[in-house]
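Lettering of chains follows the sequences in order, A, B, ..., and the numbering in each one begins at 1.
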Number of protein chains: 2
Amino acid sequence: MSTTTGRRVSEARERLLRTASALFYAEGIRAVGVDRVVEEAGVTRATFYRHFPGKDDLVVAYLGVVHDAVRDAAGEEAGAARLRRTVGAMTETLCSPGFRGCSFINAAAEFADPDSPVHRAVAAHRGWLSALFATDLAAAGHPDPDGAAAHLMMLRDGAMVAGYLADPEVARATLLRGLDAILDEAG
Amino acid sequence: MSTTTGRRVSEARERLLRTASALFYAEGIRAVGVDRVVEEAGVTRATFYRHFPGKDDLVVAYLGVVHDAVRDAAGEEAGAARLRRTVGAMTETLCSPGFRGCSFINAAAEFADPDSPVHRAVAAHRGWLSALFATDLAAAGHPDPDGAAAHLMMLRDGAMVAGYLADPEVARATLLRGLDAILDEAG
DNA sequence: CCATAGGTAGAACGTTCGGTCTCTTTCTGC
DNA sequence: GCAGAAAGAGACCGAACGTTCTACCTATGG
């Protein structure tokens, strides 16, 4: 077990990932070069390439960070409560300053090739989220969990876009109202 | 009036714009360089820079082409009919092969700076579309045209994303059903 | 018939891109 | 105290980026 004691899982790697996440989200992925990330992380190029095979891997790691945050916000036990918690967390993010839309939707806009690792990561997250919605809806006794999950996913996507390019408060209220309506269809 | 007779408003310019539109939409704006556009349009760099001050202007022109197409699909006389026609045209696009989402949402993902000409063009189109929705809703006798327009805009945005990253048929049906529900609130 | 505008052709600009390299320093575990 | 991994410093690569340039050709309109 007891692996390298000192700086645990590489302090430089964490700084790299944190810096890249902020930059990619705020300015766009293709708009930010490796130079920028490396410089603002206070790390040398050599160090970057020791931790990541290439820029694409950094992008995938960035999306992994966002995915983990959503997963952690959701929690464990399936049901209407988790659904409200998950969607509630989204509406919080939606209205916070610096919100620039959904990381995954934005990434898919930049990486069109379905075979690209980045595009695959987007598809994986969206598949996971849809499945979570469907599971919770089923646990809440919804007669058509899959259809309702697809519907809810669309509402969420619209809210994410509107939170960036329109009024976040309206987006928040509309998404919450939509969730209530879907939950009303269940028991 | 009678300006240059021959090739009307510059054949080369039109080829440039057509090629750029296809490329930008299919692969992303930052992913496509001037070299690619110029080469695939069968035109030299000098010709490109005689017609466009720079790449940004080409991007804005591309968004203008898309905007014009939406405007033409909408038509003139305000009301429920125009609303159905406009949204109906969107659901057609949504389900057609090669659909890669909304040009404006995708452009905003790549151009984060609100002062950028590209971001401004996105905001302008979205403002125009929201206003069109509100006008039609008001003409149809909706009690809260602005609120309903914001709601419809969110449904549209969600459908655009879902048409690209999820099931287009579901997106189409859900958007159409949402429009009906909103129209039911009116007379 | 000549001026002019729009086109082609293609070299070149400086910058940035993603990525690789060598050399030295620092820290940890044995 | 010494081996070895992790990181710093920074030069370097070829390619692509957006952009500018000169030179020549070819239509038109006056």
Salt-bridge test for B/Glu40 and B/Arg36: reply yes if a basic N is under 4.0 Å from a carboxylate O, no otherwise.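 B/Arg36 and B/Glu40: salt-bridged.
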Using distance only, find each side-chain donor-acceptor pair of residues 147-158 of chain A under 3.5 Å and give its atom names and separation, not counting sequence neighbours.
| residue | atom | partner | partner atom | Å |
| --- | --- | --- | --- | --- |
| A/Asp157 | OD1 | A/Arg126 | NH1 | 3.2 |
| A/Asp157 | OD2 | A/Arg126 | NH2 | 2.8 |

Mind calculating the distance between [atom1] ([X]) and [atom2] ([N]) to the nearest angstrom?
| X | N | atom1 | atom2 | value |
| --- | --- | --- | --- | --- |
| A/Glu11 | C/dC27 | CD | C1' | 13 Å |
| A/Phe52 | C/dT20 | CZ | P | 15 Å |
| B/Leu23 | D/dC17 | CG | P | 11 Å |
| A/Lys55 | D/dA16 | NZ | P | 16 Å |
| A/Arg30 | C/dG18 | CZ | C1' | 12 Å |
| B/Glu14 | C/dG6 | CD | P | 15 Å |
| B/Glu110 | D/dC17 | CD | P | 14 Å |
| A/Arg13 | D/dA7 | CZ | C1' | 15 Å |

Dot-bracket for DNA chain D, 5' to 3', Watson-Crick and G-U pairs with both distances under 3.5 Å, [ ] for crossing pairs, | for partner on another strand, reads ||||||||||||||||||||||||||||||
Listed in order of residue number, which residues of residues 35-50 of chain B have a non-hydrogen atom at under 4.0 Å from DNA chain D? B/Asp35, B/Arg45, B/Ala46, B/Tyr49
Minimum-distance nucleotide (side-chain atoms of B/Val34 versus D/dT19, D/dA7, C/dG18): D/dT19
Could you tabulate the donor-acceptor pairs under 3.5 Å formed by side-chain atoms of residues 165-174 of chain A, not counting sequence neighbours?
| residue | atom | partner | partner atom | Å |
| --- | --- | --- | --- | --- |
| A/Asp167 | OD1 | A/Glu169 | N | 2.9 |
| A/Arg172 | NH1 | A/Glu92 | OE2 | 3.3 |
| A/Thr174 | OG1 | A/Val170 | O | 2.7 |

Pick the closest DNA chain D nucleotide for B/Pro53 and for A/Arg15 by heavy atoms, then say which residue is nearer the 5' end. A/Arg15
As an exercise, state the distance from CZ of A/Arg120 to CG of A/Asp115, rounded to the nearest 0.5 Å. 5.0 Å
Who passes side-chain hydrogen bond (donor to acceptor under 3.5 Å, both in side chains) against A/Thr44, sequence neighbours left out?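 With neighbours one apart ignored, the set is A/Thr47.
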All side-chain hydrogen bond (donor to acceptor under 3.5 Å, both in side chains) counterparts of A/Arg71, not counting sequence neighbours: A/Asp68
Could you list the donor-acceptor pairs under 3.5 angstrom formed by side chains in residues 179-187 of chain B, with sequence neighbours left out?
| residue | atom | partner | partner atom | Å |
| --- | --- | --- | --- | --- |
| B/Asp180 | OD1 | B/Arg84 | NH1 | 2.8 |
| B/Glu185 | OE1 | B/His142 | NE2 | 2.7 |

Identify, with sequence neighbours excluded, every residue that meets side-chain contact (heavy atoms from CB on, under 4.5 Å) alongside B/Tyr49.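 Partners of B/Tyr49 under the side-chain contact (heavy atoms from CB on, under 4.5 Å) test: B/Val34.
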Less than 3.5 Å apart, which donor and acceptor atoms pair up between the side chains of residues 56-66 of chain A and the rest of the protein, not counting sequence neighbours?
| residue | atom | partner | partner atom | Å |
| --- | --- | --- | --- | --- |
| A/Asp57 | OD1 | A/Gly54 | N | 3.3 |
| A/Tyr62 | OH | A/Ser103 | OG | 3.3 |

Below 4.0 Å: OP1/OP2 of D/dA6 and any side-chain N or O of A/His51: no
